[in-house]
Trainee: 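Dropping the structure in here first, questions after.
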Amino acid sequence: MALGAAGALAAVSACGGGGAQSGGTSAAGGSYSIGVPSWYIAHLTPGKAGFSGVADAIWTPLTQVDRGGKVVDAVAQSLRSTDQKHWTITLKSGWKFQNGEPVTAQSFADSWNAAAYAPNAMTNGYLFANIDGYAALNPTSGKPTTDKLSGVQVVGASTLKVTLVKPLSMFPYVLAGTAFAPMPKAAFKDLAAYDRLPIGNGPYQVASPGLAPGGQQITLKRFDGYPGAKGKAAQITVKTYQTDATAFTSFRSGAVDIATASGNDLSTASRMYSSQLVTSPTAAVVYLGFPLWDRRFADVRVREAFSLAVDRKAIVASLLQGHAQTAAGIAPNVIAGGGGTDCADCSYDPARARQLLAAAGGWKGSLTLWTKQDPDMQTVLEAIVNQLRSNLGISSLSMKVQPTDQIYPNLLAHKTTGPFLLYMGASYPNLYSQADQLFGSTSGTNVGGYKSGAFDSLMNRAAAATTSGAGLKLAQQATRTAMADLPLAPLYYPVSGAVHAKKLSGLQLGYLGDVDLSSVTVR
Amino acid sequence: MTTTTGNAPTGRRHPLSRFAGYDPDAPPLEVTDLRVVFADASGRPGAGGVVVDGVSYRTAPGRTLAVVGESGCGKSLTARAVMGILPRGARVTGGTVRLHGIDLLGLDQRALAQIRGRHLSMVFQDALSALNPVLPVGHQIAEVFRAHGDMNRRQAQRAAVGMLDRVHIPEAARRAGHYPHQFSGGMRQRVMIAMALALNPEVVIADEPTTALDVTVQAQIMELLADLQAEHAVSLVLISHDMGIVANAADSVAVMYAGRVAEQAPAEDLYRRPAHPYTRALLDSIPRRGSRGRALTVLQGSPPDPAESTDGCTFRPRCPLASDACATAPSPQAVAPRRTSACHNWKEVVGA
Amino acid sequence: MASYVLRRILLMIPVLLGTTFVIYAAVYALPGDPVQALAGPDHVVTPATAAAIKEHYHLGDPFLVQYWHYLTGLLHGDFGIDLANTPVSAIIAASWPVTVKLAVMTWIIEAVAGVGLGYLAALRAGRLPDLAVLGGSSLVLGVPYFITAYVAQIVLGVKLHWFPVSGTDDGWPLSYLVPALCLALLGVPEIARLTRASVLENLGADFVDTATAKGLSRSRVLVRHVLRTSLVPVVSMLGTNLGYLLSGTILIEGIFNLPGLGFQVFQSVQQHDGPTVVGISTLLVLVFLLVNLVVDLLYGVLDPRIRLD
Amino acid sequence: MTSALQPATPAAPAVAAVPGAAGPSRRVERGTLHRLARRPRFFLPLAVVVLLCAMAAVPSAFAGWFGHGDPHRCSLEHSGQGPTSGHPFGFDVQGCDLYSNVVHGARDSLGIGLLTTALTLVVAVVLGSLAGYFGGVTDMVISRLMDVFFGFPMLVGMIVVLETFSVHSILSVSLVLALFSWPVLTRIMRSSVLATRGLDYVTAARELGAGPLRILLRHVIPNAIMPVAVLTSITVGGVITAEASLTFIGVGLSAPAISWGVQLNSAQQYFTVHPGLLLFPALFLSLAVLSFVLLGDCLRDAFDPRLR
């Protein structure tokens, strides 16, 4: 009883300077803090914000992906389409923004138009490329002539008609991204101010003053007008850290209540905080990509030799302390359609690797392997370098690390001179997404430069399939087709983990491996 | 406030009377058989040699005792031993230093601090380095008043300006705020003198007060010292290597050689008829009127290294009169009333 | 004096120009794509979006034009806006206090511990305290301070929970204590050694004998004459240190998650956020120059032999 | 000192500001060297420095002492294991022998230390001599340039410049470190040349008609270089620390290069589990830095005590 009173007191005092609309109603639930990477809160506009647990707490889009990886309606009452190209979306009634404004079809249309309109320079804008009219808002040269997506039509207060460029049966998955969240009218008065103090429709609202310039944290207050499952805690402090490792150290020193644990911290956490650690497979794969434009890797036997020379089990068991699964495909089983064995040469067989390499003419000269700036990736690549050295006999091996903003442009410009270790997370938990991102000929993340007509046509058929089951089957078939060419060697599916203070319970991780902020209960 | 030596029958007791052994009739400063040794490089005391070996001298009220000798003969060290400010490594191993009968060597640092500056003070050789470069000279003089009197900051400052005035520093009030490097050499030495004489001490030791100065300034400084001494009946110990300067200023002279007193005599007697071959050699090297055109006699050789113990008379290697007797070290012997010489052959010297 | 100050300030102008130019050029030469950096990791930037971003931040202009824009802005007191559309001055305003608190606390530790230990060592020269200070300072110099900081964080904060070692939640001074101590490990040995040498030199100086001969008490001689005079070079070093401290906190702020200027500038470098990097650097240089000017003026006050002209 | 990453140790600049601090150097006296050679304070660090240099020159000769000399022979099955026979320091996370890795680490760490110092020294002697000897506009330009780099937030500058290099090799890291450490020594060289320039024999040489280059090379530089030369050893120590700091925050060298900084960087996240991974490279690093600094201290005290 005393505890509850204290919690209420804390929440009341916390609400003192904030918005008025949440006053009066139950403020119990206590508060906690969570450490996140700084990009989580660098931008707080749906079209700019990264997909994260924080974004999920602030906004609720039309659909959501549940923890089982299934797509469920959120703000949407229904999504209907007969041809997978024209979609009719109806909204549930009673949803309100955190400023009291009702969530209407227009709120979604406004938000999407703003995100897709090139001059706004919203970094999530590319996600709207599926929608008819995107090209007009993003001309290859000059200024766009319109600022509205022609494929988005507001039919009534609660009905939206969307026309896609081509059929996409996975569209409901796409809509689950927070980039597709609605924005209230108030946002468009000052988009820059909104980016720091957004008004969402999710279970938590950003407390005034939002993100201060140069600030390192924001406070979230529970939005009591939320029609869905309400947040458990009354208040959450989101603190940013340069890396996961600093966040974890802060957790250990007691400065923060929740932190993600990755890499070696995960094994530290599992040993020291076994009862406070929550892990979950991530909808992602770590792979060794091959530069297909490089003639040395033109022969598939060379690629097979590299794949066979990597001891995935040792890497997972020793380096990652078991906090990952060895991969024989591009998607783990938490992703719909994933978990299959798509890759025949994703086992460890150094003898055969040497044979294949010899058969392909052997290796001459030196080789550089690349990865992005991330301590875990670097450690893994170092192990791969060592294994290639001893298993393939390539003596002159080096390793280069580049920040994300360099490695992707360099790969796309074919400036990268060797295999590259990268991480690919699914935009939405469906094999189709993962296959499209990795192998699709128009995908911006198909950095190896893989092109296959057979793959593309299978994927098109998958997108147009009338049922999601049929779509998945076709996506799996397409994946197998691509993997037969081995444009990349999958290595492992990472596991993400989060540690929480003893006073917290109920912590759950979403499909991206992010903490579901609403689920956390303060004891 | 002119007599500091006598048992002036004032109502107040003399400030020195609270120290054991105070005797107003005892000599202002009496050094007896003083020994100072140096540590060697490894820090063992005494191993570096005896630098002051049984020195004795005494001063009379209002009179000047000159201590002369080549550099390194121990005259400055004796003075420093008297002041209790020996350099690192040096130690007094024997003898006594008495100020009006008070055994200074037996006093603790606190008591000594009460005597230094107030009753016994010193004018150092190089005023530039002896004055603190980062404090105004007025402040440095005022410190003496502050340390010994119960003056407040302003009174002490005023007294300091008064002292500067007394040593003939023009615009004393303004100059009090200046720093040592802003003064000429002679002016700096005046500041030193003002500091030493600020409280009219019984004894002032002036260690080569004019060495760094040019001749005209030397004379001014010596004159100033003499004036102040006469004014306050100060007993002055004048340390110098310059027999010429001493001749005019001293009432009596102690000639030191290699840590010992070679000869001690009233100035007049000593100059007229030296009783030690070393004194004679020193006198012979002074250029005088009439000596023009003649080569000055130059003393050959150099003083012994105190680290190496020598048997017999330390002057023997350089002595023109050395004889077999010199194999044993001579001790000072009375030559005449108030006159001693540490030479076996003193008669020969006097007779020559 | 006034003309000296004026001349020094005039001399700062080419230095400041040079500094901003060098850092601006270096930031400009950073490889990688600021647009991609701006978009965040694992984002795809379409050409149209990239073009819009470039236009918005004048990234497309030639280097000298960009620099000119920046410089003219700077002359009007405008540090520009960062890639997230925040005025750089606001970022500086937010992170500046953290760094100042850290630097000043470090500086105080350096001054007190450095001077104290150096003084102690000099007074007990050749004996145990002296040897301990000399040996200890050598050891501290040998171990890179980031290792000490890292180990201190794990041991003092994580294992023992004695001190907060992450973030600024516990406010000043508690949150800054361990970081400042670690940072001070750099300066203390140098200050202590300099103090020791300076005190030793002055202990043997003639004016100390004069002071003793004047009848001053030992403690007054030691404080008023020895310490006061010995502090002249120490104060100069301390002043320069303060200037360096303000810009030298990157590692410590990173390890201890203190959102100060160093933390901010390191993040900005990685995000190729040129305006912020240049803005903070310019500010740091300016502060450094001003601190040095103050130190030189102070030097003149402390040591009257130095004439400023 | 010139350790660019040691922001709080600008001893040399501070002292260089003292008027007349860097006087003309004295010729090295044989006696000084003889006296030095007898002091443990001198020959102990010297012995360590020589040993480390030998280690850097021929690491294989030292790495094999315990029977396992190849730093690249790694097996993940040994990842993070503690010391066993033949592997006195145990294994790193990649399952490589830690001892031979630490031994091989000497090469890059010392290499950068020595190369940077050499670069710095060359720049300091050239620019310092020019500025000090010719004065005027030359001095003005060089001095302002020094000011620019002097007041520069060094770490920020180094991070930015290093980020612009795509290749982080010994050479590139050394160049960056040198770029930000030359002003300290240059300033000392300049004032030393200034003092030497006015000496009688230089004036004499000039009046005898010797050209400026000849005077500089024959008379000025040899006599003015001592204050700078005695600081080199300390500089090496500082640079080694600086390299380790840069690498520690991930902008210096990176694996598979073997340096103590790289080892410390990768040990960061394993420290609580495998303290040895941090301890052994840190030990060697500290020993190296300490030896160079102590040696430098000793040289400085012996040859140019006023620079202290």
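Since the model is a prediction, treat every value here as computed from it, not as a measurement. Letters A, B, ... are given to chains in the order of the sequence lines, protein chains preceding strands, and every chain is numbered from 1.
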Trainee: Highest number of heavy-atom pairs under 4.5 Å with chain B: which of Val232(C), Leu203(C), Val221(C), Leu216(C)?
Mentor: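 The residue among Val232(C), Leu203(C), Val221(C), Leu216(C) with the greatest pair count is Leu216(C).
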Trainee: Give, for atom CG of Asn132(B) and atom CG of Asn202(C), the distance between the pair rounded to the nearest 0.5 Å.
Mentor: 8.0 Å
Trainee: Is a side-chain donor or acceptor of Arg118(B) paired with a backbone partner of Gly215(C) at a separation under 3.5 angstrom?
Mentor: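 Looks like no, no N/O pair under 3.5 Å.
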Trainee: Flag the pair Phe124(B) / Asp206(C) as yes when at least one side-chain heavy-atom distance between them is below 4.5 Å, and no otherwise.
Mentor: no
Trainee: Select one option (side chain, backbone, both, neither) describing which atoms of Ile115(B) are under 4.5 Å from chain C's heavy atoms.
Mentor: neither
Trainee: Checking the side chain of His181(B) only, and the main-chain atoms of Pro304(C) only, is there a donor and an acceptor separated by less than 3.5 Å?
Mentor: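 Checked: pair present.
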Trainee: For residues Ala213(C) and Met83(B), report the shortest heavy-atom separation together with the two atoms involved.
Mentor: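 Distance-wise, the nearest heavy atoms are CB-CE, 3.6 Å.
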Trainee: Considering only heavy atoms from C-beta outward, does the side chain of Phe207(C) approach that of Ser129(B) to under 4.5 Å?
Mentor: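 A side-chain contact is absent here, since even the closest heavy-atom pair is not under 4.5 Å.
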Trainee: Chain C heavy atoms under 4.5 Å from Arg80(B): which part of the residue, side chain, backbone, both or neither?
Mentor: side chain
Trainee: Report, as yes or no, whether the 6.0 Å neighbourhood of atom CZ on Arg218(C) holds more than 12 heavy atoms from other residues, nucleotides or ligands.
Mentor: no
Trainee: Counting heavy-atom pairs under 4.5 Å with chain C, which one of Leu135(B), Val144(B), Ile205(B) comes out on top?
Mentor: Leu135(B)
Trainee: So which of Ala147(B), Ala113(B), Pro136(B), Ala198(B) has the biggest tally of heavy-atom pairs under 4.5 Å with chain C?
Mentor: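 Top option by heavy-atom pairs under 4.5 Å: Ala113(B).
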Trainee: Tell me the closest heavy-atom pair linking Thr212(C) and Arg116(B), and the distance in Å.
Mentor: O-NE, 3.2 Å
Trainee: Counting N and O atoms only, with roles assigned by atom type, does the side chain of Lys214(C) sit under 3.5 Å from a partner on the main chain of Ala196(B), one being a donor and the other an acceptor?
Mentor: no
Trainee: Please walk me through it: do Thr210(C) and Met192(B) pass side chain to side chain contact (heavy atoms under 4.5 Å, CB included)?
Mentor: CA-CA 9 Å; Thr210(C) 310; Met192(B) 280 303 301; 4.0 Å; yes
Trainee: Identify which of His139(B), Gln114(B), Gln182(B) forms the greatest number of heavy-atom pairs closer than 4.5 Å to chain C.
Mentor: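 Counting heavy-atom pairs under 4.5 Å, the top option is His139(B).
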Trainee: Within a strict 4.5 Å, meaning less than it, do heavy atoms of the Glu143(B) and His225(C) side chains meet?
Mentor: yes
